[in-house]
Amino acid sequence: MQCGIGHLPGGCQRTMVLHCVLFLWLFSGWTVGYKQGDNVTLYVNKVGPYHNPQETYHYYTLPVCRPDKVHHKSLSLGEVLDGDRMAESLYQIRFKENTEKKTLCQLTLSEKQVDQLREAIEELYYFEFVLDDIPIWGFVGYIEESGFLPHSHKVGLWTHLDFNIEFNGDSVIFANVSVKDVKPVPLEEGAGAAVGGVGVGGGSLTVTHTYSVHWFESTLPHARRAERLRDYSFFPKTLEIHWLSIINSLVLVVLLLGFVIIILMRVLKNDFARYNVEEEGGCDDLDQGDNGWKIIHTEVFRFPTYKSLLCSILGVGAQFLTLATAIIVMALLGMFNVHRHGAINSAAIVLYALTSCVSGYISCSFYTQINGQRWVWNIILTSSLFSAPLFLTWSIVNSIHWWSGSTQALPATTVLLLLGAWVLVGFPLTVIGGIMGKNRAGSFQAPCRTRNIPRQIPPQPWYKHTAVHMAIGGFLPFSAISVELYYIFATVWGREHYTLYGILLCVFAILLSVGACISVALTYFLLSGEDYRWWWRSVLSTGSTGLFIFVYSVFYYRNRSSMSGLVQSTEFFGYSLLTALVFSLMLGSVSFWASLAFIRYIYRSLKMD
């Protein structure tokens, strides 16, 4: 392949070539071929409490063996967002060459450092190494509780690690670490007595770290090594094939949709038969002697209040609908490699910026159709409707991570990169989409004209109030995804690799279908009571699903996880609120368009001259 970059400066040439190579490596499945004796770099990454997946710290924050000068690996955006901070280690691993109990380093730990290790082990700290893009996990130490009277509490540090690496040909297939047949070094209070040849003196503790490397040949090809990683279980396995639960949800949803559609069609058929009798007179004469949704035909298309906010919700909801569909389709096409850390995070950020034109176009187009005048303000509101809460939440979460020293705190360069992506890509595309939507917006196309004076709305029974509709419209879509929601939470807030994207696509389609049908049914009941305030009601009824999702997140935190602490809790609830907001915007947009299409259909079907 030839590239016309010869006229560029040398630095630019190298940068472009590097980017081309990186792109091909990420998406074409390039592999690193090793020869006998080649160095296989082992990167140390992070440590953290076992039950708090998002509370991670750099491995070298612990008093462990480290080089005199730490060299960090260049990371992708997704890896940085995932909290990765890979650095070169002192481990010397040669391809297909076994090593037996080689000394890594000898450390003299102060009393403070011993207490630091004890605290980390008591909090069940695990470490993560990375070898040829394969994560390797293990515990920092060992803790044992035994007896009641007398009670014994033993804390030990693993000072020897056995690396077991599988290979096929010239590539690495899998790697893990074990401490089998290894005795931990006791860490007593105040750097207590040493055993096993470990020296103690003057409140200090001297330990020697060693390691072994064993290579095993595998028949699994490199292209399928992700299967080996999925079969390995360091963290508890919670994601199982759950076809029975999905089929159960699918049957319930089909019955629900069938019930709603059949009932509505029968009722509408009776309404059309009753309304479309031979009538004389114009559209304005139909009010006399009628009741139900027909009598408000001159009010139902009266434009709502807070037009700009409504259109912004519709635009951002359409953007997230496009984003979610694209992510699921890309996952189904196998574009996210399980060995590429943070690949979905990177894709989501890029797609969010690129789909900003969708939100601007939908929002400004509909805003112009309903006679909105302040289209510039509408574009600004659309661009900040989600980005402003996101920035506020991220600022709080990132500040707490920074205060605690967690690797989840984004470095300044990454913050500037994300800010630049929004300022240079996201916001301009929103403006461009808004201008295109404004220029291409047609008329609203209302089947009936609207009166100048609003009609008085009769008193409504309690079951037609907004809160009741929100409870019904939010609970039913939530019940359709409640089974799959657990697995999604276990993936996002755990360490599982979600691979059932076909099921996820089915559940996503079910969610949208239920939301649309429930919105149509609630809109019909609202209009039957001669209440024409359906605009905001259609958004809020199904959009309230986000509230149920947030309540479920509280339940998951308290009853389905072992997360604790300020750092983990702040991140969990902060981003759970954002997740609820995304679902509310997305489902609110879907339910509104479904209700609008339904209303246009029924009023076009009336014989009104």
Side-chain angles (χ1 to χ4, degrees), residues 257 260-307 310-311 313-314 318 362 365-372 441-458 460-461 464 466 469 472-473 513 515-543 588-609:
L257 295 181
V260 171
I261 293 174
I262 291 174
I263 294 299
L264 277 182
M265 293 306 296
R266 289 180 62 87
V267 171
L268 284 175
K269 183 178 180 180
N270 294 332
D271 287 347
F272 289 146
R274 180 163 56 94
Y275 290 154
N276 289 332
V277 293
E278 186 176 352
E279 295 172 339
E280 296 181 3
C283 198
D284 296 334
D285 298 331
L286 295 175
D287 292 350
Q288 300 178 359
D290 282 332
N291 54 29
W293 55 267
K294 182 181 180 181
I295 198 174
I296 58 173
H297 64 275
T298 58
E299 308 291 341
V300 73
F301 293 105
R302 184 179 302 280
F303 296 146
T305 57
Y306 306 107
K307 298 178 183 178
L310 175 65
C311 295
I313 291 175
L314 300 180
I362 297 296
S365 175
F366 194 71
Y367 184 68
T368 304
Q369 290 183 25
I370 60 176
N371 300 333
S443 59
F444 181 68
Q445 297 179 351
C448 298
R449 67 175 183 267
T450 303
R451 282 181 172 179
N452 294 327
I453 302 177
R455 179 188 180 90
Q456 186 176 2
I457 300 174
Q460 300 295 314
K464 290 189 177 181
T466 304
H469 278 202
I472 298 174
S513 301
C517 289
I518 294 302
S519 177
V520 168
L522 293 177
T523 299
Y524 173 80
F525 295 141
L526 182 71
L527 299 180
S528 298
E530 302 179 15
D531 189 346
Y532 50 84
R533 298 169 300 183
W534 64 272
W535 299 78
W536 277 105
R537 184 71 68 87
S538 62
V539 174
L540 294 175
S541 59
T542 312
S589 179
V590 170
S591 63
F592 175 84
W593 295 116
S595 296
L596 178 60
F598 169 74
I599 291 174
R600 281 175 170 167
Y601 167 75
I602 62 174
Y603 282 99
R604 283 198 184 108
S605 301
L606 289 178
K607 296 178 181 179
M608 295 183 296
D609 298 327

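Heads up: numbering here begins at 1 and tracks the sequence. Nothing here was measured: the structure is a model prediction, and the numbers come from that model. Quick note: numbers below take in every heavy atom, side chains included, and nothing from hydrogens, waters or symmetry partners.
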As an exercise, state the distance from [atom1] of [X] to [atom2] of [Y], rounded to the nearest 0.5 Å.
X: Ile599; Y: His297; atom1: CD1; atom2: NE2; answer: 14.5 Å
X: Ile602; Y: Lys294; atom1: CD1; atom2: NZ; answer: 12.0 Å
X: Lys464; Y: Asp531; atom1: NZ; atom2: CG; answer: 8.5 Å
X: Leu527; Y: Ile295; atom1: CG; atom2: CD1; answer: 13.0 Å
X: Leu522; Y: Leu540; atom1: CG; atom2: CG; answer: 11.5 Å
X: Tyr532; Y: Arg455; atom1: OH; atom2: CZ; answer: 9.0 Å

Going by heavy atoms in the side chains, are Ile370 and Cys311 under 4.5 Å from each other?
->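 Answer yes - side chains close enough.
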
Contact check, side chains of Ile457 and Glu299, non-hydrogen atoms, under 4.5 Å |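 In short, these two side chains do not touch, never coming nearer than 4.5 Å.
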
Can you name the nearest heavy-atom pair linking [X] to [Y], along with the distance?
X: Ser538; Y: Ser591; value: O-OG, 2.7 Å
X: Ala318; Y: Ser589; value: N-OG, 3.8 Å
X: Ala516; Y: Val590; value: CB-CG1, 4.3 Å

Steps toward side-chain contact (heavy atoms from CB on, under 4.5 Å) verdict (Tyr603, Ile296) = CA-CA 10 Å; Tyr603 282 99; Ile296 58 173; 3.6 Å; yes

Are the side chain of Gln460 and the backbone of Pro458 linked by a donor-acceptor contact shorter than 3.5 Å?
->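 Between the backbone of Pro458 and the side chain of Gln460 there is a qualifying donor-acceptor contact (under 3.5 Å).
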
Would you say the side-chain atoms of Arg302 pair up with the backbone N or O of Arg451, donor to acceptor, closer than 3.5 Å?
->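 Checking the backbone N and O of Arg451 against the side chain of Arg302, a donor-acceptor pair under 3.5 Å is found.
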
Can you find a side-chain donor-acceptor pair between Arg537 and Thr523 that sits under 3.5 Å?
->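 No pair is found: no donor N or O on one side chain lies under 3.5 Å from an acceptor on the other.
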
Gln369: partners by side-chain hydrogen bond (donor to acceptor under 3.5 Å, both in side chains), with sequence neighbours left out |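 So Gln369 forms no side-chain hydrogen bond (donor to acceptor under 3.5 Å, both in side chains) with any residue.
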
Mark yes when over 12 heavy atoms from residues, nucleotides or ligands other than Phe444 sit less than 6.0 Å from its CZ; otherwise mark no.
->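 More than 12 within 6.0 Å, yes.
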
Looking at Phe592 versus Trp536, is the centre-to-centre ring distance below 6.0 Å?
->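 Between Trp536 and Phe592, which both carry aromatic rings, the centre distance is not below 6.0 Å.
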
Arg600 to Phe301 six-membered ring, cation-pi geometry met (6.0 Å, 45°) |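 Arg600 over Phe301 ring: no.
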
Trp593 and ring pair (Phe, Tyr, Trp, His ring centres under 6.0 Å): which partner among Phe598, Trp535, Phe366?
->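 It is Phe366, the one option of Phe598, Trp535, Phe366 that forms the ring pair (Phe, Tyr, Trp, His ring centres under 6.0 Å) with Trp593.
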
